[in-house]
Number of protein chains: 2
Amino acid sequence: MARKGYHHGDLRRALVEAALELAHEGGMEQVSVREAARRAGVSPAAPFRHFPDRAALLTAVAEEAMRRFRAEIDRALRRAPDEPLERLEAIGAAYLRWALRNPTHFEIISARRFIRFQSSALLRRDNEEIQAEMRRLLGEARRRGELRALDARTAEIAGRALVYGLARMHLDGHFPSWGVARGAEHRTMLEVLRLFTSGLAKSRYTHTCST
Amino acid sequence: MARKGYHHGDLRRALVEAALELAHEGGMEQVSVREAARRAGVSPAAPFRHFPDRAALLTAVAEEAMRRFRAEIDRALRRAPDEPLERLEAIGAAYLRWALRNPTHFEIISARRFIRFQSSALLRRDNEEIQAEMRRLLGEARRRGELRALDARTAEIAGRALVYGLARMHLDGHFPSWGVARGAEHRTMLEVLRLFTSGLAKSRYTHTCST
DNA sequence: ACCTGAACACCGTTCAAGT
DNA sequence: ACCTGAACACCGTTCAAGT
């Protein structure tokens, strides 16, 4: 890992990786610049040659998490059929699955008070591209006459709020007090997602599930 | 404020109030035991006679915030008409209005990693009572034949996820990047809420809103 | 160019000692 | 019974000095 004498080689990357690890172990507030430095084997001051402050390190961590998140969404879209509403549901399902498996990485992307979202071109771009894809799919569904009469912009935000709310409820530990058993989170999320998309669709399958 | 000699009188309450203030000023992570002590005019060690640790102080803050939140919900329900679906929407609207006006207090209640939710009888009780009310109203709506055929438990969680997601999107600063202008948050939230409840209801008003 | 060491102003928390 | 003062092990950040 270390390179020449004591120039580190790639301290920047080592710090981001240590921070990802720390976040994974104990959540965002456990990520400290000093501990990341310690794990990278450098002095407490070294990170400040690479990042102006803690928020900048966390933003770099968010960029790495966002890359992985994007990759997951894209993979799901490649597998999904050509039907716009099914593709939308596939995005939602991939989003939820990722949030469930990587709660802290999900939080790093979402909780913008730790990072400087606006100052990262990567974060802004990936976010916009995901939005644009959703908007395109909704438009396509409408053109095919599959949608109830509703405002597309409102539907878009509703969909995002629903999915974000589900992921956040998990992250913030709300499910136990809402009667969702440990292990049943994923199934519950998918049922909720389906209830929502079936509500957008022109009354087709009226979807009843027992219990 | 201070009482006899230097026994404070009611240091516990003074600390909770100082902490509420700090949270209001700069968010949860800005709440420090030391600063609360400073504002209450006592030494850094004094708070630890009243709270075993920082999490206990924050839990007390959460309890105070929850009391205010409950009061707001109850007020909205007293004003709402006798129609179950309208009462549900009134709960949602009150929830969103409160979250919008008191973002940090909302976060204190929601982000359970700062507090010890399960060890507070008040928090558990208030949470359960709000859930129970929602469940009652959904059941009533179904009995009156106003609901589409859907699983009540799934619908309940969907409603909560939607509303929580909206509040969280605001709190986490997502609205700007989703094209919701500053000042338009409340209106947007209510439109989304309405889209959702109209999707639960047996296809009555098909609700189109321009732009 | 990149890193160290020491320093500063902050934390949460403990504990002996004061009133 | 309730609070203070001093201490300990932590932070983020700065800056002169080292290689």
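Because only heavy atoms are used, hydrogens play no part in the values below, and waters and symmetry mates are left out as well, while side chains stay in. Protein chains get the first letters and strands the later ones, always in sequence-line order, with residue 1 at the start of each. Note that the structure is a prediction, hence the values are computed from the model and not measured.
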Which of residues 108-117 of chain B have a heavy atom under 4.0 Å from DNA chain D?
-> none
How far does [atom1] of [X] sit from [atom2] of [Y], to the nearest 0.5 angstrom?
X      : Y      : atom1 : atom2 : answer
A:L171 : B:R168 : CG    : CZ    : 8.0 Å
A:I108 : A:F114 : CD1   : CZ    : 9.5 Å
B:D172 : A:R112 : CG    : CZ    : 8.0 Å

May I ask you to decide whether A:R87 forms a salt bridge with A:E83, counting only side-chain N to carboxylate O separations under 4.0 Å?
-> no
Might you point out which heavy atoms bring A:E86 and A:P81 nearest each other, and give the distance in Å?
-> OE1-CG, 3.4 Å
A:L22 and A:R39: side chain to side chain contact (heavy atoms under 4.5 Å, CB included), yes or no, with the steps?
-> CA-CA 10 Å; A:L22 284 167; A:R39 296 204 179 183; 3.6 Å; yes
Length of the line joining B:R49:CZ and C:dG18:C1', which is rounded to integer Å = 12 Å
Whole angstrom value for the distance that separates P of C:dC2 from CG of A:L15 = 13 Å
Going through the distances and angles, do A:Y164 and A:Y95 end up as a ring pair (Phe, Tyr, Trp, His ring centres under 6.0 Å)?
-> CA-CA 9 Å; A:Y164 188 53; A:Y95 184 109; 7.3 Å; no
Do the two ring centres, one from A:H170 and one from A:F106, sit under 6.0 Å apart?
-> no
Pair partner, D:dC2 [Watson-Crick or wobble, under 3.5 Å] | C:dG18
Paired to D:dC10 by Watson-Crick or G-U wobble criteria (both distances under 3.5 Å) is none
List the protein contact pattern of nucleotides 7-12 of chain C with one symbol per nucleotide (5' to 3'): B for base contact, S for sugar-phosphate-only contact, - for none; contact means a heavy-atom distance under 4.0 Å.
-> B---BB
